[in-house]
Amino acid sequence: MNARDIMTTDVISVTPEMPIHEIAKRLLKEGVSAVPVVDDGGVPIGMVSEGDLIGRDETEREARRDWWLALLAEGEALHPDFLASLHTHDQTARDVMSSPVVTVGEETDIIEIARLLAAHRVKRVPVMHDGRIVGIVSRADLLRALVAERDAVVAPPGSGFLASAFAELDVHFHDAPRPAETHQSLSPRDQPDEEVLSASDFQGLLSDFEHKKYEQIETARLAGVEQRRQRVIAMIDQHVSDDGWRILLHKAREAAEQGLKQLLLLRFPSELCSDGGRAINVSEADWPSTLRAEAAETYLRWERDLKPRGFRLAASVVDFPGGMPGDIGLFLNWGELATGSGQSTPAAV
């Protein structure tokens with residue numbers, strides 16, 4: 001079974017500018033504990049849960065408990081001063097949301113989804129198709145799938161595949177070989193005596209050459225666009241496994257032993273960012289919130305495992321096909337930040 005088979009397709013979402021008290025009302029009305037935050041293009045840029053609204057520490061919970069109590073009062077009369085306090089919280093979804101967002105594709109296997117929920121300590125993941133949310137898979141959806149499979153097939157004792165999971169492209173384009181063109185070259189002696197060439201004939205030959213050159217460039221460009229599109233589709237369904245993360249850390253150690261100050265953790269198309277790589281290209285402070293799929297997971301792994309140990313993470317555009325941001329690199333740094341040839345200024349955290 002995969003995400004498409006079990007996801008909830010009626011997705012409740014909010015905008016980045018929605019006030020948090022309105023988000024709280026929506027959560028209560030819809031009976032859900034979290035909602036994705038999407039931009040104008042329908043791209044998820046964060047998640048807001050009850051925990052984000054109430055606060056993670058005692059101070060935050062104390063500051064926001066009033067409007068939660070009012071929402072739960074279900075119409076009971078409350079003191080006017082208390083009601084007035086509900087309007088003092090002008091924070092929006094953008095201010096409290098968790099980002100970047102861990103996402104999956106429609107074909108992601110449910111065991112992999114369970115592993116992601118456990119690895120990133122989240123309770124749900126958006127399901128993506130062509131860059132837009134088409135569903136949500138929660139722990140409840142996984143449990144329903146588990147029950148359904150156990151009802152259909154009697155599993156051997158101790159199997160519990162989802163329980164154990166909880167505990168724990170490039171597509172190469174090869175242009176078809178073109179048939180070799182046969183050119184019959186004539187020596188001056190073989191040229192017909194009556195053939196007379198003019199400047200306009202040469203201009204026609206030049207025009208033919210330029211046209212063929214343009215066609216070759218355009219063909220290569222379109223092939224590159226399609227290749228990048230296929231890479232994005234593939235990376236939406238690729239995830240950072242524990243073994244893969246350990247291999248990257250081992251490579252980082254080897255790089256340091258060789259005198260290097262950074263390691264390229266991941267290279268991915270700029271289209272995998274919600275803004276096409278613009279924030280990374282101009283080094284905006286909130287560039288991590290634009291990451292999606294495998295890039296978002298890599299960032300979250302760094303934030304949880306390596307940031308507390310003094311490692312830095314930088315992102316930069318590593319190539320500019322046609323003058324536009326192409327591939328983006330995520331670099332793990334333990335020395336001075338460096339800009340390689342053809343890269344933009346690193347955006348670091």
Self-check item: Value rounded to 0.5 Å, distance of CD1 in I113 from CE in M1
Solution: 10.0 Å
Quiz item: Heavy atoms, side chains only, cut-off 4.5 Å: are F331 and V318 in contact?
Solution: yes
Exercise. Search all heavy atoms of P44 against all heavy atoms of T103 and return the closest pair with its distance.
Key: CG-CG2, 4.5 Å
Quiz item: Taking the side chain from N333 and the backbone from G335, do they hold a donor-acceptor pair closer than 3.5 Å?
Solution: no
Quiz item: Are any of the side-chain heavy atoms of I280 and L291 separated by less than 4.5 Å?
Solution: yes
Quiz item: Distance from M18 atom CE to M97 atom CE, nearest 0.5 Å?
Solution: 14.0 Å
Quiz item: Rounded to the nearest 0.5 Å, what separation is found between the CD1 atom of I6 and the CG atom of L142?
Solution: 4.5 Å
Self-check item: Heavy-atom side-chain contact between R132 and V43 under 4.5 Å
Solution: no
Quiz item: Who passes ring pair (Phe, Tyr, Trp, His ring centres under 6.0 Å) against W245, sequence neighbours left out?
Solution: none
Quiz item: Does atom CG of D40 have more than 12 heavy-atom neighbours, drawn from other residues, nucleotides or ligands, at distances under 6.0 Å?
Solution: no
Quiz item: Do V282 and L272 belong to the same hydrophobic cluster, where Ile, Leu, Val, Met, Phe, Trp and Tyr are linked whenever their side-chain heavy atoms lie under 4.5 Å apart, directly or via other members?
Solution: no
Self-check item: salt bridge (charged side-chain N to carboxylate O under 4.0 Å, His left out) partners of E106, counting only residues at least two apart
Solution: R4
Quiz item: Which residues pass the salt bridge (charged side-chain N to carboxylate O under 4.0 Å, His left out) test with R253, sequence neighbours left out?
Solution: none
Exercise. Give the C-alpha distance, both sets of side-chain angles, the deciding distance and a yes or no for side-chain contact (heavy atoms from CB on, under 4.5 Å) between I23 and Q91.
Key: CA-CA 11 Å; I23 299 173; Q91 287 184 303; over 6 Å; no
Quiz prompt | Student check: side-chain heavy atoms of L265 and L313 closer than 4.5 Å | solution = yes
Self-check item: Criterion side-chain contact (heavy atoms from CB on, under 4.5 Å) on L306 and L249, from CA distance to verdict
Solution: CA-CA 10 Å; L306 300 180; L249 296 184; 3.7 Å; yes
Let me check something: any side-chain donor-acceptor pairs from residues 28-36 under 3.5 Å, sequence neighbours excluded? List them with distances.
{"unit_1": "S33", "atom_1": "OG", "unit_2": "R124", "atom_2": "NH2", "d": "2.7"}

Quiz prompt | Test side-chain contact (heavy atoms from CB on, under 4.5 Å) applied to V122 - qualifying residues, sequence neighbours left out | solution = L117, H120, V125
Practice problem: Could I get the full list of salt bridge (charged side-chain N to carboxylate O under 4.0 Å, His left out) partners for E284, not counting sequence neighbours? | Solution: R278
Self-check item: Reported CE-to-CD1 distance for the pair M7 and I136, which is rounded to 0.5 angstrom
Solution: 10.0 Å
Quiz item: Which value, rounded to the nearest 0.5 Å, describes the distance between S316 atom OG and I328 atom CD1?
Solution: 8.5 Å
Quiz item: Can you list every pair that meets salt bridge (Lys or Arg N to Asp or Glu O under 4.0 Å) and has a residue in residues 290-310, with sequence neighbours left out?
Solution: D242-R301
Quiz prompt | Pair listing, ring pair (Phe, Tyr, Trp, His ring centres under 6.0 Å) test, anchored in residues 290-313, at least two apart | solution = Y299-W302
Self-check item: Shared-cluster residues of M47, by chain and number - hydrophobic side chains joined below 4.5 Å
Solution: V101
Quiz item: Within the side chain of W334, is there an N or O that forms a donor-acceptor pair under 3.5 Å with the backbone of L260?
Solution: yes
Quiz prompt | Flag side-chain contact, heavy atom, 4.5 Å: I45 against S289 | solution = no
Quiz item: Partners of D95 by side-chain hydrogen bond (donor to acceptor under 3.5 Å, both in side chains), sequence neighbours excluded?
Solution: T92
Quiz item: If you look only at pairs with a residue in residues 8-18, which of them pass as a side chain to side chain donor-acceptor pair (under 3.5 Å), with sequence neighbours excluded?
Solution: T8-D141, E17-R94
Exercise. Tell me whether L263 is reachable from I247 by hopping between hydrophobic residues (I, L, V, M, F, W, Y) whose side-chain heavy atoms are closer than 4.5 Å.
Key: no
Self-check item: Nearest-0.5 Å distance that lies between atom CZ in R115 and atom NE2 in H239
Solution: 7.5 Å
Quiz prompt | side-chain hydrogen bond (donor to acceptor under 3.5 Å, both in side chains) partners of D243, counting only residues at least two apart | solution = R246
